[in-house]
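Just so it is clear, the structure is predicted and the values come from calculations on it, not from any experiment.
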Amino acid sequence: MADKRIEIPTLDQEKGSKLGLRARVCFVCGVNTKSYHLNYGVSTCLGCRAFFRRSVQQNKGKTYPCKNSSECNVDGESRKKCRKCRFQRCLNAGMNPECVLNDDQKKKRFKRSLKRQRAGKKYQTEKQHNEILLKGISTKELDPIEDNTTEQKLSPKLLFKKRFIKQYEQEVSAASMNFPSKRDKTSLENEVREAWEQALKMVPCMALVKDCFVQFHMNESTVMRPAFHFALCHSKDLFYSFSQNLESFRMLSANDQGALLESNTSKFLALITSMYFLETKSVDQLRWLFREELSFPKHYDPVTLFDYQLLGSDTVYRDIRNLLQQFSSYGVKYEHIHVLAASCLFHVEPSLTVHMLEINSISKFFKDVSSISSWTAKVNNNLQDNLSELAFVLVDRFFVGSFVANNVRTNPEFIVDDEIWLNEASSLLMDGMCNIPVDKSVLNELLHFCITSTQLPEPLINTLFDLFKGKFLALFNLPQLKREFSADILYQCLEPSLPGAFCATLGHILSRNNFMGSLSTFLSLQERLYLREKIRAGVTSVGPLMLNKVDQTSFVVLNDRVVQFQFDRIPRHAFFKDRQLFLGMLLRVLSCQLILKHPESTIARFCEKFFLKCSHRFEQVTNLSFTYFQDSLASLKLSYVVSIAKNQNICTQ
DNA sequence: CCCTCAGGGCCAATT
DNA sequence: AATTGGCCCTGAGGG
Ligand SMILES: [Zn+2]
Ligand SMILES: [Zn+2]
C-alpha cells in the first residue's frame with residue numbers, strides 16, 4: 001500500500017502535519033483559501049500546493065537561489081519573488097516531500113487511467129518497467145532506512161529544537177553547580193511535613209464554611225458553589241503558605257515562584273477536589289477539603305456527596321477515577337497529602353520549562369520528592385496528567401484569573417470597592433467576549449503558527465481584528481455604563497477605540513509566553529477544550545504567538561526624551577498577568593473617549609484609579625516610568641494598526 | 001453506491 | 001520559455 005505512506009511519515013518534529021490542522025488560510029503564504037483541505041499534510045492554497053509539487057518532482061528544492069540571505073518575506077504578493085524562501089516555508093509549515101508521489105508511486109496509483117491511455121498509445125515496454133519498479137517499491141517499503149534525507153529537510157525545526165535543548169542543558173549544568181547538598185529521603189520528607197503542618201496552623205479555615213459543608217452532608221443537598229469557592233480559596237491560601245514555608249521554594253526567583261504557583265495551585269485544588277468526591281465516607285471526603293476531621297451531631301449518619309456537574313465532563317471523571325485506582329493500589333492515603341502537595345508544587349509542565357529561570361533546581365527538587373517513597377515516583381508520573389483537566393475546569397469555574405496576586409503588594413489607594421467594581425465589570429466583559437464564538441478554522445490557524453513559530457500572516461490578523469471588534473462590543477452590556485450613558489453616546493465613544501483595544505489585546509497576547517495562557521481570556525470553555533485536545537494529540541510544547549511588527553525587543557520613542565525599553569529586560573511580574581487586571585486595562589482603553597468627554601463619570605474615576613494601580617506596580621518592580629512605557633507602547637502599536645488599516649482598504653471612503 | 005479527500009495533470013495567462 | 005495557479009480528473013476509503 002504505497003498510499004499508506006501519506007499518513008505514516010510523521011517525525012516528532014513535524015508537529016504541524018501530525019495535527020492536520022484544517023484552516024481557511026494558506027500556512028505558507030497566508031492568503032485565504034476557499035477549500036478546507038490539506039495538501040501534503042498542511043493547509044495551503046492551490047498555488048503553494050502546485051509549487052511544492054513541482055519543486056519536489058523536479059527535485060529543485062535545494063537548488064533555488066536566494067538574493068536575500070534566505071530571509072525573504074513570503075506572503076500573497078511576494079511569494080513569487082523568491083522560490084527558495086517559499087520552498088523553505090513550505091517545509092517549515094510541515095509539508096511533507098514524501099507525500100509527493102514519485103514515478104513508481106504515480107504509476108501504481110493511476111494504474112487504470114494509464115491503462116486506458118495505453119490502449120490508444122504505445123506503452124508496451126512501460127508495463128514491464130512498471131512491474132519491476134513496483135516490486136522495487138514493495139521491498140523498499142519494508143526497509144525503513146530513509147530518514148537521512150528527511151532529517152536534512154526538516155533542519156530548521158530541528159535546529160530550533162536543538163538550540164533549546166542545548167540552552168537547557170547548559171542551564172542545568174550551570175545551576176547544578178551552585179545547587180548544594182543532596183538531602184536524604186527522611187530529612188526531605190520531614191522538611192515537607194513541617195512546612196505543611198506549619199501552614200495548617202497559619203491558615204485556619206473559616207468555621208462558617210465548614211458548617212456549610214456539614215449541613216450539605218447532613219441534608220444530602222448539593223454543594224453550593226459559593227461555599228465550594230470559599231473552600232477552594234482557603235486551600236489556595238494554604239498551598240501558598242505551604243510553599244513559603246519550604247526553604248527550597250523560597251530560594252527560587254520571584255519569576256519561578258510566580259510561575260509555579262500560577263500553574264500548579266490549580267493542580268493542588270484539583271487533587272483535593274478529586275479526593276473529596278472520590279472518598280466514600282463523609283468524614284473522609286471533608287478531611288481532604290479542610291484538612292481536619294469535622295464532627296457531625298451524634299447518631300447522625302451523614303451522606304456521601306457527589307456532584308457530577310461540578311466536574312464538568314466524562315474525561316475529568318475518568319481521569320480522577322484513574323488517580324484513585326492508583327492511589328489505592330499503591331496505598332496512598334490522606335496522610336500523604338503533604339508529599340502530594342510538594343509534588344504538585346514543583347511539577348513543571350513541559351511547555352513552561354523555557355520560561356523558568358532555575359528549572360534545574362526545580363526539577364531536582366521534584367525528583368527528590370519523587371524518591372521519598374516507593375509509590376511517589378510511580379504516582380507522580382500520572383498525577384499531573386490526571387489532574388490537569390480538572391484543574392482547568394476549576395480555574396475556569398471558580399477563579400476568573402490566575403493565582404498570582406498572593407505575593408504581590410497591592411496599592412493601598414485601590415480600595416476594596418474598586419476591586420469589587422473591577423471584578424464585576426471584568427467578569428461581565430469577559431463573559432460577553434467569550435460568548436462570541438471563534439471559528440474553528442481560526443483556532444487551527446493560531447495553533448499552527450504557534451507550533452511552527454512563524455509570524456501570523458496579515459489576513460489572519462485582519463480576521464482577528466474583526467473577531468475582537470465583535471467581542472469588545474460586549475462592553476455595551478456593562479450596567480455601570482448603561483446607567484450613565486445612552487446607547488447612542490456609548491456607541492459614538494466606543495467605536496473609535498476599537499482599534500486601540502485590539503492593540504492592547506495584542507499586547508496582552510504577546511506579553512504571555514505560552515499559547516493557551518495568552519488566548520484563554522478570549523475563548524469559551526469549549527474552544528479551550530478543543531485546543532487542549534489538539535495539543536494533547538501530539539505536541540509537547542506550543543510557543544507564543546508571534547507578530548514581527550509588534551514583537552520588537554527594544555524601541556525608541558518620545559519627543560524630546562529618548563527612552564529605550566527592552567521588553568526582555570522587564571520582569572514578567574511587572575505587568576498584571578491576571579485576567580481581571582488585563583480586562584481592567586482593556587476597559588480603560590475602550591472607554592478612553594468616554595473618559596475624555598465625561599471626566600466626572602464613574603468609569604472615568606475608576607480608570608484613573610486603575611491606572612494608578614498599574615503604574616504603582618510597574619514602577620515598583622522596574623524603576624522605570626510607567627507613563628513613558630505606556631505611551632511608547634501605544635505609539636508603536638498605533639502605527640502598527642494604522643498600517644493594517646491601510647492595507648485593509650477599509651478606510652478608503 | 002455515492003460522498004469526501006488528497007493526490008495528479010493540463011493549459012491559459014503571466015512573468 | 002518557464003512559471004504560475006485555477007480547474008478538472010482519479011482512486012482510496014468510509015458510511
Ligand atoms: Zn499559499
Ligand atoms: Zn529568499
Side-chain angles (χ1 to χ4, degrees), chain A residues 1-10 14-68 72-91 93-123 126-127 129-131 133-134 137-138 140-141 146 150 153 440-441 444-445 448 457 459 534 537-538:
Chain A
M1 292 272 161
D3 291 354
K4 273 271 162 70
R5 293 164 58 91
I6 293 164
E7 286 159 346
I8 296 168
T10 51
E14 270 186 84
K15 295 163 182 170
S17 64
K18 193 170 194 170
L19 285 174
L21 297 170
R22 281 166 207 286
R24 270 179 231 96
V25 297
C26 173
F27 284 163
V28 176
C29 68
V31 299
N32 291 316
T33 61
K34 273 279 163 280
S35 76
Y36 205 58
H37 299 279
L38 300 181
N39 296 312
Y40 307 103
V42 173
S43 169
T44 68
C45 65
L46 282 169
C48 292
R49 173 187 133 174
F51 170 77
F52 186 72
R53 185 181 55 230
R54 282 192 302 267
S55 300
V56 175
Q57 278 173 339
Q58 298 162 33
N59 204 11
K60 283 183 183 171
K62 283 173 193 153
T63 59
Y64 292 136
C66 171
K67 291 171 194 165
N68 200 11
C72 306
N73 210 18
V74 181
D75 61 29
E77 292 98 46
S78 64
R79 68 184 176 203
K80 287 181 228 168
K81 298 262 161 61
C82 176
R83 294 208 193 85
K84 170 161 187 187
C85 293
R86 189 182 190 183
F87 188 68
Q88 192 57 54
R89 247 180 99 96
C90 288
L91 294 174
M95 294 179 85
N96 190 343
E98 290 185 25
C99 292
V100 179
L101 307 184
N102 59 29
D103 285 349
D104 311 334
Q105 290 164 324
K106 269 187 295 200
K107 276 165 198 158
K108 188 167 182 185
R109 169 117 202 260
F110 297 102
K111 233 178 190 170
R112 248 185 275 166
S113 67
L114 283 175
K115 230 182 226 166
R116 230 175 286 156
Q117 285 183 10
R118 205 188 307 139
K121 289 193 175 181
K122 30 80 214 186
Y123 272 104
E126 282 287 329
K127 192 188 175 186
H129 264 275
N130 228 354
E131 278 168 7
L133 290 171
L134 279 177
I137 278 189
S138 57
K140 191 184 160 196
E141 271 178 26
E146 29 179 26
T150 48
K153 284 174 192 167
K440 216 168 241 182
S441 163
N444 285 344
E445 287 153 28
H448 171 87
K534 282 272 176 191

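The NE2 atom of A:His37 sits 9.5 Å away from the CZ atom of A:Arg49 when rounded to the nearest 0.5 Å. A distance of 7.0 Å separates CD in A:Glu445 from OG in A:Ser43, rounded to the nearest 0.5 Å. In this structure, CZ on A:Arg86 lies 9.5 Å from OG on A:Ser78, to the nearest 0.5 angstrom. To the nearest 0.5 Å, atoms CG (A:Leu91) and CE (A:Met95) are separated by 8.5 Å. One distance of note links CG of A:Asn73 with CZ of A:Arg89; it measures 7.5 Å at 0.5 Å rounding.
A:Phe51 places its CZ atom 15 Å from the P atom of C:dG6, with the value rounded to the nearest Å. One atom, CG of A:Asn39, and another, C1' of C:dG6, lie 13 Å apart when rounded to the nearest Å. Rounded to whole Å, the distance from CZ on A:Phe87 to P on C:dT4 is 13 Å. Here the C1' atom of nucleotide C:dA2 and the CZ atom of A:Arg83 are 8 Å apart, to the nearest Å. Distance A:Asn102 CG to B:dG7 C1': 13 Å, rounded to the nearest Å. If you measure from atom NE2 of A:His37 to atom P of B:dG7, you get 11 Å, rounded to the nearest angstrom. Rounded to an integer number of Å, the gap from A:Leu101 CG to B:dA6 C1' is 10 Å. Remark: C1' of B:dA6 and CD of A:Gln105 are 14 Å apart, rounded to the nearest angstrom.
Checking B:dG8, B:dA6, C:dG5 against the side-chain heavy atoms of A:Arg79 singles out C:dG5 as nearest. Minimum atom distance to the side chain of A:Arg86 is reached by C:dG5, of the listed C:dG5, B:dA6, C:dT3. When each of C:dT3, C:dT4, B:dA6 is scored by its nearest atom to the side-chain atoms of A:Lys60, the top-ranked nucleotide is C:dT3. Listed candidates were C:dG6, C:dT4, B:dG7. Nearest to the side chain of A:Leu46 is C:dG6. Of the candidate nucleotides B:dG7, B:dG8, B:dT15, B:dG8 has the atom nearest to the side chain of A:Val100.
Listed for the A:Thr44 side chain is no donor-acceptor partner under 3.5 Å among the backbone atoms of A:Asn39.
Contact check, A:Arg109 against C:dC9: no side-chain N or O comes under 4.0 Å of OP1 or OP2.
Of the residues in residues 25-34 of chain A, none lies under 4.0 Å from DNA chain C by heavy-atom distance.
Taking the six-membered ring where tryptophan is involved, the planes of A:Tyr64 and A:Phe51 are essentially parallel, since the angle between them stays under 30° and well short of 60°.
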Distances for protein N/O vs nucleotides 9-11 of chain B N/O pairs under 3.5 angstrom?
{"unit_1": "B:dG9", "atom_1": "OP1", "unit_2": "A:Lys106", "atom_2": "NZ", "d": "3.2"}
{"unit_1": "B:dG9", "atom_1": "OP2", "unit_2": "A:Gln57", "atom_2": "NE2", "d": "3.0"}
{"unit_1": "B:dG9", "atom_1": "N7", "unit_2": "A:Arg53", "atom_2": "NH2", "d": "3.2"}

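Each of A:Cys26, A:Pro457, A:Cys48 was checked for a side chain to side chain contact (heavy atoms under 4.5 Å, CB included) with A:Val31, and the lone residue meeting it is A:Cys26.
For A:Ser441 and A:Asn444, the side-chain atoms include no donor-acceptor pair closer than 3.5 Å.
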